[in-house]
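This report concerns only the one structure given below.
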Amino acid sequence: MLNTARPEFCCLNTPTGSLWTEAGGRLKLSTVPQASHTPSATLSAALPNSDQGESPDDVALRVTQGNSSKLCQEPGLEGAQGSAQGVAWQASWQRATGEAPAASSHISVPSGPWQTTQGAPGCPPPSPCSRGIPRTMDSLGYNCFVDREKMDAAIQDLGPKELSCTELQELKQLARQGYWARSYALRAKVYQRLIRDIPCRTVTPDASVYSDIVGKIVGKHSSSSLPLPEFVDNTQVPSYCLNARGEGAVRKILLCIANQFPDISFCPALPAVVALLLHYSLDEAECFEKACRILACNEPGRKLVDQSFLAFESSCMTFGDLVNKYCQAAHKLMVAVSEDVLQVYADWQRWLFGELPLSHLARVFDVFLVEGYKVLYRVALALLRFFHKARAGQPPEPDSVRQDIRAFVRDIAKTVSPEKLLEKAFAIRLFSRKEIQLLQMANEKALKQKGITVKQKRQFVHLAVHADNFHSEIVSVKEMRDIWSWVPERFALCQPLLLFSSLQHGYSLTRFYFQCEGHEPTLLLIKTTQKEVCGAYLSTDWRERNKFGGKLGFFGTGECFVFRLQPEVQRYEWVVIKHPELTKAPLMPPETTPTPAVSTEPADRLSPFLSARHFNLPSKTESLFMAGGSDCLIIGGGGGQALFIDGDLNRGRTGHCDTFNNQALCSENFLVAAVEAWGFQDPDIQAHGQ
């Protein structure tokens, strides 16, 4: 059966009758009196001790008379009848017990923490750990899937038992502060509510679907020997303090998810997500429903879990771009010690969903359910920063850097607490969700253009610059590889294509434009007569200069950057990346002095990543990226120019500018010895042309 109704409230009873309800948008966990009543039908059987590892077939339902925990029911619902939910519950009861419940009966289960509450919308039908019969949890709220001895050291249940908040911002703060992190039972209730409120597609498999299909899918196989779905990509089920029964339950749930979501083709994070959710679920069916709601999220612009190789790979590329901008020291180390830096960053989700200890992952997941996917990027960046700090004095060997990072994350509890990890993560002043989404879309588009939509081996990034076919009058192969490690991930697999060389095409700015037009992005290299080397990565086609009717106008995006290689290496990115507070400043009044025109995007066109018009900048001087006229070429503006070259490509000057907040890239006034412009060519195109 598929549950399409949106729940209005959900109740979960504890020994003292705790009730979690929604009132006017409030999340509230409170205490209510115990209910007492006498059911008209009684079925009793002792529940075996769940510590003994009994099979589901040994589990029986006990309906008690007298004092007991009353099952929550929808107002106006008598027993388990009178609504679609009641019909579903009745069918589940009959499957479990072999008989239909009496029409007027109130079904009760033994007093104990975390009794399920059936009859209310949003609550799963009663089911055993594997077959649909209500189960109790122990005094700490652990279910039959948890290894209690391991949990004592992993997560203590010492926190508050009540959560009440009205605003999303308040909930964010509570999640970041770990308000429910020390209460195992409260965390379970919060997860139930947060996941229940995820907007999902109309038809989303629920707990009753699991009860219907699990027997057919699993058959007579032992749960420990069940194969995992192909979409997990050989990812193993993390233990996360689960016992053997719990690990087997994760396998069963994953197989049922594969049955209900045939469109999932690549999702290596899912075993860890299911294993974590199983901790905070009454049974397998409820865990299945929670995982399905996360997978079926259909809120525009909101992504929770990558479900295809294209989405996964573009996420890895996006993470690489973020490392390049926010963890430059760590990125430099990765480039120096790894043969394939892209492959190192492809592990970023594995660091979180697989290597990170349960205590740390649970804290991350708390915030993730409230704030979304961006949190995962933050935490992965923080992990890389901690790794770089720990290994700065002893860089890893080239063939072991991936294993070294994984080992560091596995053992992070020895040096970094969950609180310290989140503190570091939220200290990173990351792009907005909109900008990250645009970057992700750009990376997906690049992958589609290359035909990379299914898993395949990626080319090493350093091989994009081949020693046997690369020649420059300005930079060496090693220097070009260093520059290539700075460019956005979607262009990193391209090979450099020489577009213009002053030694081949002459010292003419007109010829420079002619050779570069139609190529986006481009790389500008300059060598002075003093053997200084500097340049710029330019995000936009030089044809954009023609939009200004012959006047000097600035265009480009925040992906542009300037750099110097000699006498020392230094890169300067858009000032907003390191100083996002600039975007929060109030708009300045109109300037009285004339300023160069700035290109704007048509309103109906998809904006590029880091387009200046996405940001509330105090003035235009922080977004003057590139400009070209008949008599000069300018890179960076506002208070000066990062690079200025005259129309004869003969003389130039450099200085500080507001756009890149840079120092002079070489001697302030210089004579040009050589100029080169390089494009980015898909290696497949080059192969076909040879």
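Using a 30° and 60° split on the angle between ring planes, Phe387 and Phe408 fall in the perpendicular class, above 60°. Taking the six-membered ring where the residue is Trp, Tyr184 and His279 present perpendicular rings, their angle passing 60° and hence far from 30°. In this pair, Trp678 and Phe470 present their aromatic rings tilted. The plane angle is within the 30 to 60° band.
Panel note: side chain Gln307, backbone Asp263; no donor-acceptor pair is recorded below 3.5 Å. At least one donor-acceptor pair closer than 3.5 Å links the side chain of Lys290 to the backbone N or O of Tyr280. Distance alone, capped at 3.5 Å, places no donor-acceptor pair between the Asp366 side chain and the Leu369 backbone. A donor-acceptor pair under 3.5 Å is absent between the side-chain atoms of Ser239 and the main chain of Leu242, judged by distance alone.
Heavy atoms only, all atoms of each residue included: Trp484 and Gly679 are closest at CH2-O, 4.1 Å.
A heavy-atom distance below 4.5 Å is not found between the side chains of Leu304 and Tyr373. Inter-residue side-chain proximity for Trp574 and Thr557 is flagged as unmet; no heavy-atom pair is nearer than 4.5 Å.
Take Glu520 and apply the side-chain hydrogen bond (donor to acceptor under 3.5 Å, both in side chains) test, not counting sequence neighbours, and it matches no residue.
In summary, Glu573 and Lys578 do not engage in a salt bridge, as defined by a charged side-chain N under 4.0 Å from a carboxylate O.
Between Ser314 and the options Lys448, Arg490, Glu489, Gln440, a side chain to side chain donor-acceptor pair (under 3.5 Å) holds for only Gln440.
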